[in-house]
Protein chains: 2
Amino acid sequence: MAQTTSRASKTKRTTQTENQIYDSIRHAVLTQKLPSGARLPELTLSEIYGVNRSVVRRALVRLSGDHIILMRRNQSAVVAHPTREETAQLFDARRHVEAQVMRKTAGQLSASARAEIESMVAAEHQTHDEGHHDDRIHLSLHFHERLADACPNQVLAQILQELILRTSITVALYKVPGMAACYRAEDHRGIADAIFDGDGERAAQRACEHLDYLEQRLTHARNDAEVDLSSILNS
Amino acid sequence: MAQTTSRASKTKRTTQTENQIYDSIRHAVLTQKLPSGARLPELTLSEIYGVNRSVVRRALVRLSGDHIILMRRNQSAVVAHPTREETAQLFDARRHVEAQVMRKTAGQLSASARAEIESMVAAEHQTHDEGHHDDRIHLSLHFHERLADACPNQVLAQILQELILRTSITVALYKVPGMAACYRAEDHRGIADAIFDGDGERAAQRACEHLDYLEQRLTHARNDAEVDLSSILNS
DNA sequence: GCATGGAAAAATGTTGACAATATTATAACT
DNA sequence: AGTTATAATATTGTCAACATTTTTCCATGC
């Protein structure tokens with residue numbers, strides 16, 4: 001039932017090109033290549049992807065529905081730039097939802113899923129040790145998303161996926177600049193082990209602590225930046 | 001910050017006409033005038049509302065993002081028709097989210113909000129006694145939405161609003177036909193009182209019991225129907 | 001140097017047309 | 001009657017053009 005062509009795209013319209021655009025922008029935001037506040041003019045995007053504005057538009061409307069970008073009348077879409085207040089609410093909501101997803105997922109993993117997650121944790125450690133921060137961020141997000149995928153309750157899981165993306169935006173916006181993107185090596189390991197053991201309550205606890213740690217590392221200063229779209233959006 | 005022009009429309013594009021269409025369809029689904037599976041051709045809608053298809057389209061894409069309608073390539077949009085499995089997941093998710101919203105909202109109501117909710121509960125009892133089921137359904141949904149509005153965490157509240165709408169669709173689909181739309185007179189009263197008393201845990205408990213009752217009343221048989229759009233969508 | 005005003009440019013809003021696809025109706029056949 | 005093939009219709013997909021609005025830039029004045 002759950003179509004997997006487009007990451008967490010729920011169930012909706014699927015011109016292949018539209019999905020590509022949706023995924024491309026989503027991915028760029030997720031990996032923090034597109035910073036908060038970056039403008040996304042329809043014409044520029046339609047030239048980059050070689051399609052008409054109407055196709056771009058649909059992708060943008062979907063993204064705005066996911067709170068990833070912000071659309072205002074007669075103005076270019078911009079990557080969402082949540083306030084500090086909204087950030088706090090996002091983390092609060094995510095803790096509550098993710099904890100429940102952990103409880104429901106614990107002990108439910110197939111052998112293959114388990115192996116997959118194991119390798120992801122290992123890969124994450126490796127990229128961290130080697131200093132590939134961009135890759136590690138991507139793997140870290142993929143870890144949370146992969147666990148959500150395994151949750152028996154996909155309604156709850158999709159809600160979590162959205163919250164993961166939105167909190168990722170806030171981290172990019174409010175993290176202290178020099179810091180190697182908030183990371184504690186043993187956090188994901190601990191969560192995975194609790195899930196494997198079927199100990200949902202411990203997994204939930206670990207996930208909350210993980211998110212607390214992340215949130216505490218945020219500052220009040222915002223990191224704004226300018227970007228060149230065409231150099232970023234070419235997947 | 002939270003714009004209230006369009007019920008739970010999050011923050012997004014807002015051609016007035018587009019919002020009207022969005023709200024109109026949303027309302028028709030919510031009040032069960034548009035049944036599950038009903039087709040929503042773009043041309044028909046654009047004639048009804050007197051606008052171009054592109055305007056209708058944007059409203060439809062937003063609705064599909066909310067899981068209210070389903071869009072498939074080259075096919076007309078249709079009102080969502082969740083499976084029994086998805087229904088169970090929806091109720092499970094809603095219980096978990098709504099319980100938390102109750103906890104956070106308890107004791108936070110202003111005097112005016114309190115009075116407003118009081119009058120809503122009273123109105124609900126009255127319409128029930130008088131047998132105006134359609135009105136009562138509307139008031140009942142409004143009760144839950146009004147409480148969500150009062151929640152300090154609006155991220156969580158908006159997630160709940162979406163779940164309220166989606167569960168409403170499942171109720172329309174799976175309720176036993178003759179039954180006067182699942183209703184226990186004292187449920188909302190008990191929830192409201194707990195909120196007023198600042199007893200979040202009791203409010204959460206009552207909300208869960210309320211939802212359990214609702215869910216248990218659903219059958220496996222689906223209620224399908226045919227409809228004439230133009231006679232419904234004229235608000 | 002700075003604010004103000006207005007023209008030029010850029011971007012979105014809206015529309016209608018045509019192409020591609022899906023749905024429905026019709027006809028032929030068993 | 002029921003089933004299949006085919007034609008007709010309905011519906012969405014994509015596009016380009018123009019209208020409207022916002023943004024940017026530059027000249028003017030103080």
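Here the structure is a predicted model, which means the values were calculated and not measured. All heavy atoms count here, side chains included; hydrogens, waters and symmetry mates do not. Chain letters run A, B, ... following the sequence lines, proteins first, then strands; residues in each count from 1.
- The side chain to side chain donor-acceptor pair (under 3.5 Å) test applied to B:Asn153 returns A:Asp92, not counting sequence neighbours.
- The CE-C1' distance, from B:Met71 to C:dT21, rounds to 15 Å in whole Å.
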Detail all sub-3.5 Å separations between protein N/O atoms and N/O atoms belonging to nucleotides 6-11 of chain C.
from, atom 1, to, atom 2, distance (Å)
C:dA11, O3', A:Ser76, OG, 2.9

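- The side chain of A:Arg73 contributes an N or O atom lying less than 4.0 Å from OP1 or OP2 of C:dT14.
- As a whole-Å value, the separation of B:Leu45 CG from D:dA10 P is 16 Å.
- Between A:Arg57 and C:dG13, a side-chain N or O to OP1/OP2 separation shorter than 4.0 Å is present.
- For C:dG16, its base never sits under 3.5 Å from the side chain of B:Arg53 at any donor and acceptor pair.
- Of the candidate nucleotides D:dG13, C:dT15, D:dC15, D:dC15 has the atom nearest to the side chain of A:Val55.
- Distances shorter than 4.0 Å separate none of the side-chain N or O atoms of B:Arg72 from OP1 or OP2 on C:dT21.
- Shown here are the salt bridge (charged side-chain N to carboxylate O under 4.0 Å, His left out) partners of A:Glu124, two or more places apart in sequence or in another chain: there are none.
- The aromatic ring centroids of A:His128 and A:His188 lie 6.0 Å or more from each other.
- With sequence neighbours excluded, the residues that form a side chain to side chain donor-acceptor pair (under 3.5 Å) with B:Thr167 are B:Arg94.
- A:Glu116 pairs by the salt bridge (charged side-chain N to carboxylate O under 4.0 Å, His left out) definition with A:Arg146, not counting sequence neighbours.
- Rounded to whole angstrom, the span from the CG atom of A:Asn52 across to the P atom of C:dT14 amounts to 16 Å.
- The salt bridge (charged side-chain N to carboxylate O under 4.0 Å, His left out) check on B:Asp212 picks up B:Arg95, with sequence neighbours excluded.
- Straight-line distance from the CD atom of B:Glu47 to the C1' atom of D:dA10: 12 Å, rounded to whole Å.
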